[in-house]
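Since the structure comes first, as structure tokens, the remarks are kept for the end.
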Amino acid sequence: ARTPYIHYYPDDIVLLAFQEKQTDRYLLKTERTDERKLGFFFSYGNEQLPVIRGLNFDADSAFITEPSQQQDTIYYWLRDTALINRDSLFIEAQYLMTDSAGILISRTDTIEAIPKMSYERRTKLKEKELEKWQKEQERKKKRDEPYDSVMPRPRLEMQLTAPSSLDPDRSIFIEAPTPLVRCDTAAIHLYSKIDSLWYRSAFQFHPVEGKLRLYELAAEWRPGIEYSLEIDSAAFEDIYGYVSGEIKQGIRVKSLDDYA
């Protein structure tokens, strides 16, 4: 049996909801969670980036600027380790913000950039890490095992976005944790497996526009073919002198049957 109900007319009314685009620009916050960079976060982007002046240091050529695609988040990477090791950096930041009438005006703020972890604390942690490593080497030495006398520097950890099963129209992306000063494309090799034999494959490697630390590797991927991406040690070096380790990644390009 049908349940009776009241049908109201007209019944062709549609209520639409939308979120108004944020256009008011103001500074949300600044931070220095990583001692190597200063972060500025705005409610809305603008093509004119903040002008930074150092009050207790020389800011000329002190930074590498990394804006987001919308330019509402800007990171300023410190080049000099002497500045990185300073717990207090006073800066004068001049930027654009909207007033009560919605008009962009210039504003200047004085900001003290303090790292999340002090230099003294970071130094103590490194000393503990070194002490732990030295004890491990002493144990190896007593057991007549291979050991090192100098603690190696940490490797530059490159993040590789290369799924084991790749669509033929996709690219591989490599992101650095810090800005690079050198990228040796001769140390990057791509091989394809055909009839159980490996052959060199052509590729293009270039930075992604608008992304300071992101790189794209594009190739003519053949459906159903297995590839091997191999990158030699020290192929990448960042602005602090850290170099990458060896990278090897197998890739299978999806066959046409995978889309059937």
Side-chain angles (χ1 to χ4, degrees), residues 30-42 45 49-50 52 59-86 89 113 115-117 119 122 125-126 129 151-164 166-167 169-191 200-219 221 227-251:
T30 62
E31 67 177 22
R32 192 183 170 193
T33 53
D34 185 330
E35 64 274 4
R36 300 169 297 181
K37 64 181 180 181
L38 316 179
F40 283 72
F41 301 84
F42 290 90
L49 299 179
I52 305 298
D60 293 339
S61 303
F63 301 107
I64 292 178
T65 307
E66 182 184 8
S68 65
Q69 195 166 15
Q70 302 298 327
Q71 296 191 317
D72 54 359
T73 301
I74 305 104
Y75 287 110
Y76 294 87
W77 290 88
L78 291 162
R79 298 174 183 265
D80 191 353
T81 53
L83 292 179
I84 293 173
N85 293 337
R86 292 176 67 169
L89 295 176
K116 186 176 182 180
M117 185 181 295
Y119 174 68
R122 298 196 307 271
L125 289 177
K126 288 180 180 179
E129 186 179 346
M151 185 176 181
R153 293 190 73 184
R155 290 290 190 179
L156 182 66
E157 296 295 335
M158 304 294 291
Q159 183 177 351
L160 180 65
T161 303
S164 57
L166 183 71
D167 292 311
D169 60 343
R170 299 293 184 181
S171 294
I172 291 173
F173 294 92
I174 301 176
E175 186 173 10
T178 47
L180 297 183
V181 71
R182 181 179 59 81
C183 175
D184 185 6
T185 55
I188 303 174
H189 316 281
L190 182 66
Y191 302 97
R200 285 187 176 272
S201 293
F203 64 90
Q204 293 181 341
F205 188 82
H206 55 82
V208 176
E209 185 177 357
K211 300 284 188 178
L212 177 67
R213 298 176 287 109
L214 188 63
Y215 297 81
E216 179 183 12
L217 187 148
W221 306 109
Y227 291 83
S228 178
L229 175 62
E230 301 176 14
I231 302 177
D232 300 337
S233 297
F236 306 101
E237 181 182 1
D238 75 353
I239 59 175
Y240 306 117
Y242 292 97
V243 297
S244 60
E246 183 180 355
I247 300 173
K248 186 172 182 179
Q249 174 73 45
I251 304 158

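D184 places none of its side-chain heavy atoms less than 4.5 Å from the side chain of D232. In this structure, L78 and R36 have side chains that are not in contact, with every pair of non-hydrogen atoms separated by 4.5 Å or more. A heavy-atom distance below 4.5 Å is not found between the side chains of M117 and E35. In this structure, the side chains of E157 and S244 stay at 4.5 Å or more apart for every pair of heavy atoms. Counting heavy atoms from C-beta outward, M158 and I231 have side chains that stay 4.5 Å or more apart. Within the 4.5 Å cutoff, side-chain heavy atoms of F42 are placed close to those of P50.
Of the possible donor and acceptor atoms, one in the side chain of S68 sits under 3.5 Å from a partner among the backbone N and O of T73. Without hydrogens or angle criteria, R153 side chain to V243 main chain gives no donor-acceptor distance under 3.5 Å. Side chain of W221 to main chain of R170: a donor-acceptor pair is present (N/O by atom type, distance under 3.5 Å, no hydrogens or angles). The backbone N or O of A82 lies less than 3.5 Å from a partner atom in the side chain of D80, making a donor-acceptor pair.
Heavy atoms only, all atoms of each residue included: V181 and D238 are closest at CG1-O, 3.4 Å. The minimum heavy-atom distance between I84 and R122, with the atom names listed, is O-NH2, 3.4 Å. Listed here is the closest heavy atom pair of A162 and Q249: O-NE2, 3.7 Å. Counting all heavy atoms, side chain and backbone alike, P154 lies closest to Y242 at O-CD2, 3.2 Å. Across all non-hydrogen atoms, the minimal contact from A219 to L190 is CB-CD2, 3.8 Å. Across all non-hydrogen atoms, the minimal contact from L212 to P179 is CD2-CG, 3.9 Å.
Distance check: R155 CZ to E246 CD gives 9.5 Å after rounding to the nearest 0.5 Å. From I64, atom CD1 reaches atom CZ of R79 across 4.0 Å, with rounding to the nearest 0.5 Å. Here the CG atom belonging to L160 is positioned 11.5 Å from the CZ atom belonging to F173, to the nearest 0.5 angstrom. Remark: T65 OG1 to I52 CD1 distance equals 8.5 Å, nearest 0.5 Å. Residue D34 holds its CG atom at 9.5 Å from OH of Y75, rounded to the nearest 0.5 Å. A distance of 9.5 Å separates CG of L214 from CD of Q159, quoted to the nearest 0.5 Å.
Ring orientation note: the planes of F40 and Y76 are nearly perpendicular, at an angle over 60° on the 30°/60° scale.
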Donor-acceptor list for residues 202-211 side chains, cut-off 3.5 Å, not counting sequence neighbours:
residue, atom, partner, partner atom, Å
H206, NE2, E216, OE1, 3.4

Can E129 and M151 be said to form a side chain to side chain contact (heavy atoms under 4.5 Å, CB included), step by step? CA-CA 10 Å; E129 186 179 346; M151 185 176 181; 3.7 Å; yes

Do E31 and F41 pass the side chain to side chain contact (heavy atoms under 4.5 Å, CB included) test, and can you show the C-alpha distance, the side-chain angles, and the key distance before you say yes or no? CA-CA 9 Å; E31 67 177 22; F41 301 84; 3.5 Å; yes

Side chain to side chain contact (heavy atoms under 4.5 Å, CB included) between I188 and I247, worked out: CA-CA 9 Å; I188 303 174; I247 300 173; over 6 Å; no

Please determine whether side chain to side chain contact (heavy atoms under 4.5 Å, CB included) holds for the pair T178 and Y240, giving the CA-CA distance in whole Å, both sets of side-chain angles, and the decisive distance to 0.1 Å. CA-CA 9 Å; T178 47; Y240 306 117; 4.1 Å; yes

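Residues E230 and S228 have side chains that bring a donor and an acceptor to within less than 3.5 angstrom of each other.
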